[in-house]
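For reference, positions follow the sequence shown, starting with 1.
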Amino acid sequence: PDAPPPPWLAFPVGVGVIVPGDTGQATAVLTPGHYAMACFISSPDGVLHVMKGMMRPIEVAPSSAPAAPEPVADLTITEKEYEFVLSAPITAGTHTIRVENAGAQLHEVSVNLLAPGKTVADVQAWVAGGMKGAPPAKPMGGITGPDPGGHGFFTATFVPGDYFLVCFVPDRTDGKPHVMHGMIMPFTVS
């Protein structure tokens, strides 16, 4: 908490946060090596899930099989310091989204549907308060990563409503989540 990821740790891609009962999908090519699935989301008591044991090691073995083709994306989100750039507006329906990290540090695209009556300012206040209690939005998935220069894909279904994209990754200079540096983008799906 309040510290950037160590420089020896890479984040090729991970599924963004979803609520119990939902599913998420992220796609990336993994090279052989040692990996871990870990959840860095806070519980309502403010303790990260990884600190409660939500982590699992994975070994990716070499393969002589050709890599599967990348998904066909209908939108692209480019991550930068501290903004998201969309190739087109997000509309209702299911989209496969390519995420490119054009920044100098790790980022994520967390898709969230605002709760009725809540605003982006409520989200920023919740984060500043240590992300304790119920969030003012429903996490809808997205993608953690990729590392700078990388890309990955996620698929999500959007219904009409008020959303925002946000990055909760701690900044490597001050440890504050990127949302506290303004990396949050509201949008409406009609």
- Which heavy atom in Phe158 sits nearest to a heavy atom in Thr91, and how many Å separate them? CB-O, 3.8 Å
- Message: side-chain contact (heavy atoms from CB on, under 4.5 Å), that's the test. Do Glu79 and Glu100 meet it? Break it down for me.
- Response: CA-CA 6 Å; Glu79 303 166 321; Glu100 300 174 349; over 6 Å; no
- Sub-3.5 Å donor-acceptor pair from the side chain of Asp171 to the main-chain atoms of His178, do we have one? no
- Message: Set out, in order, the CA-CA distance, both residues' side-chain angles and the distance that settles side-chain contact (heavy atoms from CB on, under 4.5 Å) for Leu165 and Ile184, then state yes or no.
- Response: CA-CA 6 Å; Leu165 304 178; Ile184 187 168; over 6 Å; no
- Glu108 and Phe84 have their tightest heavy-atom pair at O-CE2, 3.4 Å
- Side-chain heavy atoms of Met185 within contact of Leu86, under 4.5 Å: yes
- Message: With heavy-atom distances below 4.5 Å as the criterion, would you say the side chains of Glu83 and Met183 are in contact?
- Response: no
- Query: Between Ala38 and Met55, which heavy-atom pair has the shortest distance, and what is it?
  - Reply: CB-CG, 4.0 Å
- Query: Is there a side-chain contact between Cys39 and Val50 (heavy atoms, below 4.5 Å)?
  - Reply: no
- Return yes if a side-chain donor-acceptor contact under 3.5 Å exists between His107 and Glu81, otherwise no. yes
- Query: Who passes ring pair (Phe, Tyr, Trp, His ring centres under 6.0 Å) against Phe164, sequence neighbours left out?
  - Reply: none
- What are the two closest heavy atoms between Leu114 and Ala137, and how far apart are they? CA-CB, 3.9 Å
- Starting at NE2 of His151, measure out to CD of Glu70 and round the result to the nearest 0.5 Å. 3.5 Å
- Would you find a donor on one side and an acceptor on the other, under 3.5 Å apart, between the side chain of Asn101 and the backbone of Pro146? yes
- Query: Can you list every pair that meets side chain to side chain donor-acceptor pair (under 3.5 Å) and has a residue in residues 4-27, with sequence neighbours left out?
  - Reply: none
- Message: Show, in sequence, the C-alpha distance, side-chain angles and deciding distance for Tyr163 and Ile90, and conclude whether the side-chain contact (heavy atoms from CB on, under 4.5 Å) test is met.
- Response: CA-CA 10 Å; Tyr163 292 80; Ile90 298 174; over 6 Å; no
- Evaluate the criterion side-chain contact (heavy atoms from CB on, under 4.5 Å) for residue pair Thr96 and Asp74; output intermediate values, then yes/no. CA-CA 6 Å; Thr96 296; Asp74 58 314; 4.1 Å; yes
- Task: Using the rule that two of Ile, Leu, Val, Met, Phe, Trp, Tyr join whenever any of their side-chain heavy atoms come within less than 4.5 Å, decide whether Val99 and Val111 are in one cluster.
- Result: yes
- Message: Can you give me the closest heavy-atom contact between Met140 and Ala156, atom names plus distance?
- Response: O-CB, 4.5 Å
- Item | ILVMFWY network linking Ile143 to Ile77, side-chain heavy atoms under 4.5 angstrom | yes
- Query: Hey, what's the ring geometry for His181 with Tyr82, parallel, tilted or perpendicular (30° and 60° as the breaks)?
  - Reply: parallel
- Message: Test: salt bridge (charged side-chain N to carboxylate O under 4.0 Å, His left out). Region: residues 114-123. Which pairs qualify, not counting sequence neighbours?
- Response: none
- Please report the shortest heavy-atom distance between Pro186 and Val120, naming the atom on each side. CB-CG2, 3.8 Å
